[in-house]
Amino acid sequence: MSSSTPVFPPAAEMEILFSKQQIADRTREIGAQISADYKGQSIVLIGVLKGAAIFLADLARAIQVDNTFDFVAVSSYGRARVSSGAVKLIKDIDNPIEGKHVIIVEDILDTGLTLSYLRGLMLQHKPASLKIATCLDKPERRLVPIEADYIAFKIPNQFVIGYGMDYAERYRGVEDIRIFPAEVAGH
Ligand code: IMP
């Protein structure tokens, strides 16, 4: 097989890092925390496509306060993006957020480049407040100083798939979060 041929091993063969149940429990906890923090207020959840779509769907259903959601998409150049630090907006929010309480919802906070770019961009819209919720946080990989306000799980420097997260667009629908084999990912 040529080295450029993508290899997609079955997800069932990969080690489970967080089970469907663990994810559901943690998402419910974060939903309850957000509901308490924003009691009596309305919030706008802004999901970062595509990875955060599934986390946002579950989180929104775990939040008891009035909420709406919107999505943004940013360009992804993989490792090239990390080395250049360049992040580009592909899809902006549909509705104004000025004066609103906003939570950006992300799948993984990794180098921090994506979220620091998005935070800066959203602040230009003058929201009443801006927080970040992330399903996973890889603090070891940070290149720019940024922290999330709500974190489901902190993980070491491992490449993971499932629950919205992909490897070459595959595995987003896998229900657990699993460790993608390092030898395949080349990490
Ligand atoms: P960063 O914080 O700007 O480096 O970018 C985070 C983005 O990189 C996430 O939203 C994911 O799309 C992607 N990413 C980082 N680590 C992983 C991983 O382990 N699996 C899948 N995608 C990842």
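Counting starts at 1 for both ligands and their atoms, in listed order.
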(message) Is the ring pair Phe69/Phe71 parallel, tilted or perpendicular, if the boundaries are 30 and 60 degrees?
(response)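 It falls in the perpendicular class, over 60°.
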(request) Would you indicate which of Leu143, Val160, Thr111 comes nearest to atom 20 (N) of ligand 1 when only heavy atoms are counted? (result)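 Selected option, by shortest heavy-atom distance: Val160.
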(request) Tell me whether the centres of the aromatic rings in Phe18 and Tyr163 are closer together than 6.0 Å. (result)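 No, too far apart.
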Contacting atoms of ligand 1, where contact means under 4.0 angstrom from a heavy atom of [X]:
| X | result |
| --- | --- |
| Asp166 | 21 (C) |
| Lys138 | 16 (N), 17 (C), 18 (C), 19 (O) |
| Thr114 | 1 (P), 3 (O), 5 (O) |
| Glu106 | 10 (O) |
| Asp110 | 1 (P), 2 (O), 4 (O), 6 (C), 15 (C), 16 (N) |

Donor-acceptor check, side chain of [X] to backbone of [Y], threshold 3.5 angstrom: yes or no?
| X | Y | value |
| --- | --- | --- |
| Tyr117 | Leu89 | yes |
| Arg170 | Ala168 | yes |
| Asp149 | Lys131 | no |
| Arg26 | Phe153 | no |

(message) So for Gly51, does at least one of its heavy atoms come nearer than 4.0 angstrom to any atom of ligand 1?
(response)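 Heavy atoms of Gly51 never come under 4.0 Å of ligand 1.
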(request) May I ask whether Gln158 places a heavy atom under 4.0 Å from ligand 1? (result)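 It does; at least one heavy atom falls under 4.0 Å.
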(request) Could you see which bit of Arg141 sits under 4.0 Å from ligand 1, with heavy atoms only: side chain, backbone, both or neither? (result)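 Arg141 to ligand 1: no contact under 4.0 Å from either part.
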(request) With heavy atoms under 4.0 Å as the rule, classify the contact between Asp107 and ligand 1 as side chain, backbone, both or neither. (result)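 Answer for Asp107: side chain.
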(message) Taking distance alone, with N or O pairs closer than 3.5 Å, would you say Gly112 contacts ligand 1?
(response)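 So ligand 1 has an N or O lying under 3.5 Å from an N or O of Gly112.
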(message) Using the side chain to side chain contact (heavy atoms under 4.5 Å, CB included) criterion, which residues pair with Asp94? Sequence neighbours excluded.
(response)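 Partners of Asp94 by the side chain to side chain contact (heavy atoms under 4.5 Å, CB included) criterion, ordered by chain and then number, come out as Asp70, Lys91.
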(message) If only side-chain N and O atoms count, and only distance matters, is there a donor-acceptor pair under 3.5 Å linking Tyr150 with Asp37?
(response)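 Indeed, the side chains of Asp37 and Tyr150 share at least one donor-acceptor pair under 3.5 Å.
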